[in-house]
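Working notes, structure below.
The sequence lines fix the lettering, A, B, ..., with proteins before strands; numbering per chain opens at 1.
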There are 2 protein chains.
Amino acid sequence: MTTRRPPDNTLHQRILKDLEGKIVSGAWPAGHRLPFEVDLARSYGCSRMTVNKVMTELVRAGLIERRKRSGSFVLEPKVASAVLEIPDIQQEVETRGLCYAFTLDRRTRRIARAADQRHLDLADAGPVLALTCTHFASGRPFCIEDRLINLATVPDADSADFTVIPPGQWLLQQVPWTAAEHRIQAVNAAGPVADQLRLDPGAACLVMERRTWGGDGPVTHVRLTYPGDRHSLVARFEPSAP
Amino acid sequence: MTTRRPPDNTLHQRILKDLEGKIVSGAWPAGHRLPFEVDLARSYGCSRMTVNKVMTELVRAGLIERRKRSGSFVLEPKVASAVLEIPDIQQEVETRGLCYAFTLDRRTRRIARAADQRHLDLADAGPVLALTCTHFASGRPFCIEDRLINLATVPDADSADFTVIPPGQWLLQQVPWTAAEHRIQAVNAAGPVADQLRLDPGAACLVMERRTWGGDGPVTHVRLTYPGDRHSLVARFEPSAP
DNA sequence: TTGCCAAAAATGTATAGACATAATAAACGG
DNA sequence: CCGTTTATTATGTCTATACATTTTTGGCAA
């Protein structure tokens, strides 16, 4: 069985791959000026609009820079960013062929303390929900979740039953689109954390903190602690546009 | 002084922001069918092509899905990926107002061992260059670099002087565009590593491994070890297209 | 009913032309 | 020689139109 891949015999794709190839292969090094739109259009026997759309994509992909009156130039290669995959915990566990489960260990409703305000990026005190969960993979602790939910923007969270659905999944369903900021660190497991994850005290753990904003302001802050030796994050970079 | 921001009063941008707003605000929830191209074109008083380009961008951004004959639909929100910032080490040190320096601790030319082949994603044995560097921030160890360079694709590396320029920067200048795969882990510093970074043995360290491919095959593999308590990685996600 | 075929509907791709915008280069006047 | 104006040039945006492609729908016949 071959993977179903779109043929992409379109002129657009042909030109895109062609120019992209010239750039990533080094045939056109950084600083090189590409042919003008009109010339490319003529040489490919197509209209300028078609070439223009391709060039616009190359700009998006960060391969070229365009200057009016001067032309289009190949940029310096940059590995300055990569796409980090952040899978859902349940999905991640099940992908490994393990059985997923979770427990809600603590649930507290309170007025945001100074630390809560800092974590949630809140300007002033308001009601928040503090949750602690443990996620399991086939009975083994997989990850600890410490979460704060801003009840000012997600009031329904107060009446949600987080023993049935993990708060992360509930929020994903509830709140539409969000912006997020992640911070990844390595820490030594303190005593209680080590116990909870069944690790030796001081074992290295991967900690991912995520802050999330919706249209109405800060939504949630979560701190996920994974055993460092069993877990890794993956990020990829491709010069070509996907 | 205000930040120089393009006005983007273009119709294209106006339509894009408009539709984007409807989606991220939740006014059009997941599964909602947007108006047809022709209707949007009429309501904005523009041609279908203009609307089409906007819709194409929304697809790229992962906000909508388009099905022929059926229409365009808002997708489920996904925080499944984020953009990870991977700054150059020197730049990172200097951004913190510290003084950058590095030492080349070891340099070995050899035929790729089994482990080297695995690290570099090589099919067969060939000449490789193994380097170990220490990067310093104002005299304090900042990061350990263990690198393999595939001399089959980068023969010039054999004659480069890596006591003058860090191998990472040299490669960035030398090899054009590359694809890369990153793996991030937390580990406990083993004895020698702890000594080198001047940490207590067993201290948590953030390890980033990067494999890099160019047009001619595997280029390099690098393992960067940072003190976990002093370093963190940042990744961001924005629903809107940049 | 079932199976097949044709029409309709929506998006996908491409064109040729128009005018706007911005940056450079050339011409010009002091 | 210098600063200003003007022309040129390449890209940016948009239009109106055309035809291709894909999927659904509905009709027709076995």
### Query
In whole Å, what is the span from the CD atom of A/Glu57 to the P atom of D/dG12?
14 Å
### Message
Side chains of A/Thr220 and A/Arg147 only: does a donor on one sit below 3.5 Å from an acceptor on the other?
### Response
yes
### Task
May I have the distance from B/Leu11 (atom CG) to D/dG12 (atom C1'), rounded to whole angstrom?
13 Å
### Task
Round to a whole Å and report the spacing from CD1 of A/Ile15 to P of C/dA14.
8 Å
### Task
May I ask you to check whether B/Gln185 and A/His231 show a side-chain donor-acceptor distance below 3.5 Å?
no
### Task
Respond yes when some side-chain nitrogen or oxygen of B/Thr56 is under 4.0 Å from OP1 or OP2 of C/dG12, and no when none is.
no
### Message
Has A/Ser138 got a side-chain atom pairing as donor or acceptor with A/Cys99's backbone, closer than 3.5 angstrom?
### Response
yes
### Message
Go through it in stages, so that I can follow the logic: the residues are B/Glu20 and B/Lys22, the test is salt bridge (Lys or Arg N to Asp or Glu O under 4.0 Å), and I'd like the CA-CA distance, side-chain angles, deciding distance and then a yes or no.
### Response
CA-CA 5 Å; B/Glu20 209 174 79; B/Lys22 290 252 166 68; over 6 Å; no
### Query
Could you give all pairs that pass the ring-ring contact (aromatic ring centres under 6.0 Å, His included) test and reach residues 152-174 of chain A, with sequence neighbours left out?
A/Phe162-A/Trp170
### Query
Can B/Gln173 and B/Gln169 be counted as having a side-chain donor-acceptor contact under 3.5 angstrom?
no
### Task
Look at the side-chain N and O atoms of A/Thr10 and state whether any lies under 4.0 Å from the OP1 or OP2 oxygen of C/dG12.
no
#### Entry: Pairing pattern in dot-bracket form [Watson-Crick, G-U; both distances under 3.5 Å; | = partner strand] for DNA chain D
||||||||||||||||||||||||||||||
### Query
Using a distance-only test with no angle check, is there a side-chain donor-acceptor pair under 3.5 angstrom linking A/Gln90 and A/His135?
no
### Query
Roughly how many Å is it from CZ in A/Phe73 to P in C/dA23, rounded to a whole number?
13 Å
### Message
I need the CZ-P distance between A/Arg48 and C/dC19, as an integer number of Å.
### Response
14 Å
### Task
Output the single nucleotide from D/dT13, C/dT13, D/dC14 whose closest atom is nearest the side chain of B/His12.
D/dC14
### Message
Hydrogens and angles aside, do A/Arg210 and A/His182 bring a side-chain donor and acceptor to less than 3.5 Å of each other?
### Response
yes
### Query
To the nearest angstrom, how far is A/Lys53 atom NZ from D/dT15 atom P?
14 Å
### Task
Could you tell me which non-hydrogen atom of B/Phe237 sits nearest to which non-hydrogen atom of B/Ala82, and how far apart they are?
CB-CB, 4.0 Å
### Task
Using atom CG of A/Asn52 as one end and atom C1' of C/dA20 as the other, report the distance to the nearest whole Å.
14 Å
### Task
Select one nucleotide: of D/dT11, D/dA16, D/dC14, the one nearest the side-chain heavy atoms of B/Met49.
D/dA16
### Query
Separation of A/Glu65 atom CD from D/dT11 atom C1', in whole Å?
13 Å
Strictly under 3.5 Å: I want the nitrogen or oxygen pairs between protein and nucleotides 7-10 of chain D, one per line.
residue : atom : partner : partner atom : Å
D/dT8   : O2   : A/Arg69 : NH1          : 3.0

